[in-house]
Peer 1: 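Shown below is the structure under consideration.
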Amino acid sequence: MNEASRPFLPFALPEIGDEEIAEVVDTLKSGWVTTGPKAKRFETAFTEFLGDASLESIAVNSATAGLHLALEALGIGPGDEVITTTHTFTATAEVVRYLGADVVLVDVDPDTLCIAPWAIEEAITPRTKAIIPVHYAGLAADMPAILAIANRHGLKVVEDAAHALPTFSAGQLVGTLDSDITVFSFYANKTMTTGEGGMIVTRHPELARRMKVMRLHGMSRDAFDRFTATVPSWYYEIVAPGFKYNLTDIAAALGLQQLKRIDGFQKRRVELADALDAGLAGLPLILPPRAPRDGQHSWHLYVVRLTDEAKVSRDVFIERLFAQGIGVSVHYIPLHLQPYWRDRYSLTPQQFPHSQRAFERMVSLPLYTRMTDADVARVCDAVRSALAG
Ligand SMILES: *Cc1c(COP(=O)(O)O)cnc(C)c1O
């Protein structure tokens with residue numbers, strides 16, 4: 001077969017099997033399609049997966065919603081500053097603006113492309129209230145250093161763990177670290193999916209209570225509890241102008257089955273990353289960093305960077321890969337280049353040399369569990385030929 005006649009290899013595809021489909025059908029037949037018993041079961045299963053009963057898992061309809069609830073519960077508001085990485089998806093930062101606080105974008109570590117602890121330290125002002133690290137591509141940010149900075153300055157930490165299921169940082173599963181709140185995403189292209197969805201994790205009961213109230217319209221039954229032992233089933237009180245961020249049971253049904261497979265998915269992703277590393281060795285590329293000995297990479301993304309020896313620009317490289325039927329992407333166009341963020345905070349590329357340099361040279365290659373070994377070989381061949389002359 002010549003290249004043009006081969007089917008397009010998408011950048012990402014979810015792996016949805018018979019178990020997921022049966023679980024969703026079961027939900028549809030049950031008569032309970034919105035938030036109900038399966039969302040509850042999904043939360044319980046998630047805490048069990050994390051293996052720490054002191055954690056509470058709160059299902060939401062996106063990670064963006066989860067990040068918003070997290071910052072709201074922490075009391076972030078006008079006049080506050082929240083530090084995060086420029087090298088992320090806009091969702092990480094936009095939630096800060098929802099609450100009227102300001103985003104302070106900082107540069108990344110040039111090897112991992114995760115937020116650089118030294119850059120956080122430089123950005124702290126008397127207005128700083130929180131840090132949002134992102135575990136870029138599925139490799140943990142330097143959490144020991146970030147948590148130490150937060151402790152020293154009395155700052156809150158909300159982990160954007162959209163890429164990080166399951167990721168280990170210094171021997172600990174992300175979700176169980178000493179941050180205040182961690183938020184996972186189950187968007188279609190993440191390491192597991194519910195179509196749209198997310199999970200908030202915290203070990204602080206007060207924060208959990210606030211996030212659960214704000215997840216659904218600011219409704220609470222707690223106030224009634226204080227005055228009488230038996231709360232009538234129809235009774236609720238509105239204690240705040242909350243949001244509509246609950247996860248449906250249809251989505252939770254998918255999540256219940258996907259979660260059972262997440263460790264298997266991760267193992268397959270490691271195999272695929274190893275195969276890509278082997279197939280791309282010797283080319284003018286910086287291959288993705290590996291997890292340290294006490295870490296684990298979720299391999300959500302496989303990001304390569306062209307070196308100075310490459311004879312092709314990043315943009316032409318991408319065109320050539322698409323021409324060979326290979327779907328690729330760029331993670332990310334840094335926020336400092338996006339008109340809204342650039343203009344609001346008068347940002348220039350010179351302020352973010354590591355993110356900027358990485359962006360100009362980076363391409364995310366396909367890596368997902370439905371890829372075959374032959375798909376990997378095809379990607380490697382296409383990369384080789386795209387780099388040639
Ligand atoms: C996908 C993603 C989000 C948003 O997740 P949703 O579930 O789509 O809201 C946030 N941050 C990062 C880094 C992401 O990749």
Side-chain angles (χ1 to χ4, degrees), residues 35 38-76 82 84 88-89 91-96 98-99 129-135 140-141 143 156-167 169 172-187 190-220 240 242-249 251-252 254-256 258-259 262 298:
T35 308
K38 290 210 181 165
K40 190 88 222 145
R41 268 174 56 201
F42 184 35
E43 291 174 337
T44 305
F46 203 84
T47 297
E48 276 167 15
F49 172 78
L50 294 175
D52 181 343
S54 71
L55 295 167
E56 185 156 359
S57 299
I58 301 167
V60 284
N61 60 7
S62 72
T64 308
L67 291 164
H68 184 196
L69 290 174
L71 296 182
E72 199 278 339
L74 289 168
I76 304 298
V82 176
T84 193
T88 187
F89 184 56
T92 313
E94 74 192 21
V95 293
V96 175
Y98 292 179
L99 293 160
K129 289 285 154 36
I131 306 167
I132 312 180
V134 176
H135 305 300
M143 291 306 293
K156 304 297 183 187
V157 177
V158 175
E159 291 170 74
D160 179 340
H163 300 183
L165 189 66
T167 291
S169 161
Q172 268 184 288
L173 191 55
V174 167
T176 70
L177 312 184
D178 286 329
S179 58
D180 295 277
I181 299 171
T182 304
V183 182
F184 296 91
S185 173
F186 310 129
Y187 181 66
K190 300 289 159 67
T191 54
M192 63 165 264
T193 188
T194 60
E196 300 277 0
M199 192 69 81
I200 306 170
V201 176
T202 184
R203 58 177 88 256
H204 303 288
E206 292 303 316
L207 296 176
R209 193 169 308 134
R210 177 69 181 180
M211 293 189 286
K212 284 193 283 188
V213 165
M214 295 306 282
R215 169 177 64 174
L216 196 65
H217 302 299
M219 287 166 79
S220 174
F243 309 106
K244 187 73 198 293
Y245 284 168
N246 53 304
L247 188 74
T248 69
D249 267 23
L254 271 170
L256 274 168
Q258 290 267 287
L259 187 61
I262 192 70
S298 75

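Keep in mind that what you see is a predicted model, and the values were worked out from it rather than measured. Computed over heavy atoms, backbone and side chain alike; hydrogens, waters and symmetry mates excluded. One is the number of the first residue; the rest follow in order along the sequence.
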Peer 1: For Ser169 and Ala141, work out which heavy atoms get closest and say how close.
Peer 2: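 Scanning both residues, the minimum pair turns out to be OG-O, 4.4 Å.
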Peer 1: Would you tell me whether Thr92 and Asp160 have side-chain atoms, one donor and one acceptor, within less than 3.5 Å of each other?
Peer 2: yes
Peer 1: What residue among Glu159, His135, Arg203 forms side chain to side chain donor-acceptor pair (under 3.5 Å) with Thr182?
Peer 2: Glu159
Peer 1: Looking at Met214 and Ala240, what are the two nearest heavy atoms and their distance?
Peer 2: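 Taking Met214 first and Ala240 second, the nearest heavy atoms are SD-CB, 3.6 Å.
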Peer 1: Would you name the heavy atoms of Lys190 and Ala162 that are closest together and state the gap between them?
Peer 2: CD-O, 3.3 Å
Peer 1: Decide yes or no for Met143 and Val174: does some side-chain heavy atom of the first lie under 4.5 Å from some side-chain heavy atom of the second?
Peer 2: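 No, too far: nothing below the 4.5 Å cut-off.
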Peer 1: Tell me, do Ile132 and Val96 make a side-chain contact under 4.5 Å, heavy atoms counted?
Peer 2: yes
Peer 1: Can you tell me how far the CG atom of Leu69 sits from the NZ atom of Lys212, to the nearest 0.5 Å?
Peer 2: 12.5 Å
Peer 1: For the pair Gln258 (side chain) and Thr193 (backbone), establish whether a donor and an acceptor sit closer than 3.5 Å, ignoring hydrogens and angles.
Peer 2: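 Checking the backbone N and O of Thr193 against the side chain of Gln258, a donor-acceptor pair under 3.5 Å is found.
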Peer 1: Got a second to check how far Glu56's CD is from Met211's CE, nearest 0.5 Å?
Peer 2: 8.0 Å
Peer 1: If I compare all heavy atoms of Phe184 with all of Gly175, which pair ends up nearest, and what's the gap?
Peer 2: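 Phe184 and Gly175 have their closest heavy atoms at CZ-CA, 4.0 Å.
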Peer 1: Is it true that a side-chain atom of Thr35 and a backbone atom of Leu247 form a donor plus acceptor pair closer than 3.5 Å?
Peer 2: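 Side chain of Thr35 to backbone of Leu247: a pair is present.
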Peer 1: Any side-chain heavy atom of Leu165 sitting closer than 4.5 Å to one from Ser298?
Peer 2: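 When only atoms from C-beta onward are counted, Ser298 and Leu165 do not touch, as no gap falls below 4.5 Å.
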Peer 1: For Ala65, does its backbone N or O pair with a side-chain atom of Arg215 as donor and acceptor, under 3.5 Å?
Peer 2: no
Peer 1: Looking at Lys244, is its backbone amide N or carbonyl O close enough to the side chain of Asn61 to form a donor-acceptor pair, meaning the two atoms are under 3.5 Å apart?
Peer 2: yes
Peer 1: With a 4.5 Å cut-off on side-chain heavy atoms, are Asp180 and His204 touching?
Peer 2: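 Touching, per the 4.5 Å side-chain cut-off.
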Peer 1: What closest approach, in Å, do Thr191 and Ile262 show between heavy atoms, and which atom pair accounts for it?
Peer 2: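 That would be O-CD1, 3.6 Å.
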Peer 1: To the nearest 0.5 Å, tell me how far Lys156 NZ sits from Leu71 CG.
Peer 2: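 So the gap between those two atoms works out to 12.0 Å.
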Peer 1: With a sphere of 6.0 Å drawn around OH of Tyr187, does it hold more than 12 non-hydrogen atoms of other residues, nucleotides or ligands?
Peer 2: no
Peer 1: If I take atom CD1 from residue Ile200 and atom CG from residue Leu207, how far apart are they, to the nearest 0.5 angstrom?
Peer 2: 10.5 Å
Peer 1: Which atom pair, heavy atoms only, marks the closest approach of Ala140 to Thr167?
Peer 2: N-CG2, 3.7 Å
Peer 1: What's the separation between atom CZ in Arg41 and atom CG in Asp249, rounded to the nearest 0.5 Å?
Peer 2: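 With rounding to 0.5 Å, CZ (Arg41) is 9.0 Å from CG (Asp249).
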Peer 1: Look at the rings of Phe46 and Phe186 and say which category their plane angle falls in: under 30° parallel, 30 to 60° tilted, over 60° perpendicular.
Peer 2: perpendicular
Peer 1: Hey, what do you get for OG1 (Thr202) to CG (Leu55), rounding to the nearest 0.5 Å?
Peer 2: 8.0 Å
Peer 1: May I ask you to test the Pro166-Phe49 pair for a side-chain heavy-atom distance under 4.5 Å?
Peer 2: yes
Peer 1: May I ask you to decide if the ring planes of Tyr98 and His68 are parallel, tilted or perpendicular, using 30° and 60° as cut-offs?
Peer 2: perpendicular
Peer 1: Quick check: does any side chain N or O of Ser185 sit under 3.5 Å from a backbone N or O of Ala63, one acting as donor and the other as acceptor?
Peer 2: no
Peer 1: Counting C-beta onward and ignoring hydrogens, is there a side-chain heavy-atom pair between Glu43 and Met199 closer than 4.5 Å?
Peer 2: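 Yes - at least one pair of side-chain heavy atoms lies under 4.5 Å apart.
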